[in-house]
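Computed over heavy atoms, backbone and side chain alike; hydrogens, waters and symmetry mates excluded. Here is how names work: the chains are called A, B, and so on, in the same order as the sequence lines, proteins then strands, and each is numbered from 1.
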There are 2 protein chains.
Amino acid sequence: MKWLRTGPSGAGLAGGRVCFDELVPDRRPALDRDVIVRTALAVIDRDGVAGLTMRKFGAELGVDPMAVYYYLPDKGALFDAVVEAVHDEVGELLVEEGATWQSLVWETFQRTRRVLLRHPHTIPLVGTRPVLSPRMLARADRLIAALVEVGLTAATALNIVACARSYTVGYLLVEAGVPAGPPVGAGVADADVMVAYPSLAAGMAQGYDPDRQFGMGLRALLDGFPAG
Amino acid sequence: MKWLRTGPSGAGLAGGRVCFDELVPDRRPALDRDVIVRTALAVIDRDGVAGLTMRKFGAELGVDPMAVYYYLPDKGALFDAVVEAVHDEVGELLVEEGATWQSLVWETFQRTRRVLLRHPHTIPLVGTRPVLSPRMLARADRLIAALVEVGLTAATALNIVACARSYTVGYLLVEAGVPAGPPVGAGVADADVMVAYPSLAAGMAQGYDPDRQFGMGLRALLDGFPAG
DNA sequence: ACCTGAACACCGTTCAAGT
DNA sequence: ACCTGAACACCGTTCAAGT
């Protein structure tokens, strides 16, 4: 399986800029949309989404907090850019000989999950901010095209991808979700759980293997789809 | 199909209270945990999650903003309580003659979706705040028990429920997700979309029916599960 | 073109006080 | 027991100004 990294990393940032102040012609911008976004991702990885405030973020960049607003309209746009950066990291599948639609969808979302688990704090953002940028749409378009190439109709392909994406994001949300606050009744000891919630306890007796469980659900989704 | 409303609504709030000030013995609290939570849900339904600030919320309740803190430790706890209230509204399935594990899981999450679509602004909350309160755990426990009754092992039941829940929440998130801000490249006309993203456009040509698509995915998940 | 700094209109929460 | 009010330590963003 080969993966293609899409997105801008590495591009941009070169080339001589025209500077308005002609007396100091080679002063360069301290900032850059790309470093802003990458730094934001790093901060979120470290401190969580709530840990990224525009003021602290400015300090992190070594710049006045308001400088960021020259490149992005507001905090929401920064979050959207971070989501897009994470999706760029997932990249794109290269179709190989013998690929089936099942193998393509399977690999796509297995990889999506693995990448998102490396950025767990971005998962609520990814689940919550559907970004419809040209790069995102183009990637979706090529995935659909690949699935059509191996035999699906475009409508079915879209259907399956939408469902598999929903499942993956939903699964990641609960997987990465730190149980919010200590709510009513937290701190129940394991032994107590067994008598209070016997069926739940019985179901968890074998332990919980998130990789396996995720795979079973994704497999079931593909096997059950009335497509092939 | 019969549904049981679980949760506290209707209980509480009666009974004579003991008042510390014995000279004015029948003064009653202006507030109540239950009215706080119900009001919060109503405000979120109307104004969205960001529209609920503790200060405006106090005004809505006709009370000093800080009064709420007597009943709940912080805003996060308020959100958790709202999530629980929504789950109470979903209620619980009564097992009928001839039920199969497929029919039970199907009905449970179809109903979950219908209820959450009546409170679309709470969906990010539900997806993002896994509440593990006794009521939630008890409901999960009884669902597992019901599935065991119709033939599943507890482990398989838990597995399937976890996957179906992930799928449902993930699906609702994109369904209710207002595309964040006008990101790069928004405002592309339909005709342009067709040439820029031909496969995507072909897939959407028949139109998009969220009910049908959700049902297909859930059905596939159930049909594909190696359980029966 | 790119960045700064002050200012505006908010936040959630602590804490001492009132009744 | 239940609620108030002032105060603290923050926010995101606008806008005029600097270079």
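Residue contacts for A/Met66: at a heavy-atom cut-off of 4.0 Å it reaches a base atom on one of the strands shown. Contact annotation for B/Phe57: no contact, since no heavy-atom pair falls under 4.0 Å across all strands.
If you take atom P in D/dA9 and the same atom in C/dA9, they sit 22 Å apart, rounded to whole Å.
Nucleotide C/dC3 holds its P atom 12 Å from the CG atom of A/Leu72, rounded to whole Å. Between the P atom of C/dT14 and the NZ atom of B/Lys75 lies a distance of 14 Å, rounded to the nearest Å. Atom CE of A/Met54 and atom C1' of D/dT14 are 13 Å apart (whole Å). Going from atom CG of A/Asp64 over to atom P of D/dT19 covers 14 Å, rounded to whole Å. We find that OH of A/Tyr69 is positioned 15 Å from C1' of C/dC3, with the value rounded to whole Å.
Considering only heavy atoms from C-beta on, A/Val49 comes within 4.5 Å of A/Phe79 through its side chain. Using a 4.5 Å cut-off on side-chain heavy atoms (C-beta onward), A/Leu78 and A/Leu52 make contact.
A cation-pi arrangement is present between B/Arg113 and B/Phe214 under the rule of less than 6.0 angstrom and at most 45 degrees off the ring axis.
Distance from the side chain of A/Leu31 is smallest for C/dC3 among the nucleotides C/dC3, C/dG12, D/dG12. Among C/dC11, D/dC3, C/dC3, the nucleotide with an atom closest to any side-chain atom of B/Lys56 is C/dC11. The side chain of B/Val63 lies closest to D/dT4, out of D/dT4, C/dT13, C/dC2.
Base pairing annotation: D/dA16 forms a Watson-Crick or G-U wobble pair with C/dT4, both donor-acceptor distances under 3.5 Å. Partner assigned to D/dC10 is none, using Watson-Crick or G-U wobble distances below 3.5 angstrom.
Salt bridge status for A/Asp88 with A/Arg139: present, with a side-chain N to carboxylate O gap under 4.0 Å.
Position along DNA chain C of the nearest nucleotide to A/Tyr70 versus A/Arg55 favours A/Tyr70 as the more 5'-ward residue.
Side chain of A/Thr122 to backbone of A/Leu125: no donor-acceptor contact under 3.5 angstrom is found.
For D/dC3, one of the phosphate oxygens OP1 or OP2 lies less than 4.0 angstrom from a side-chain nitrogen or oxygen of B/Tyr71.
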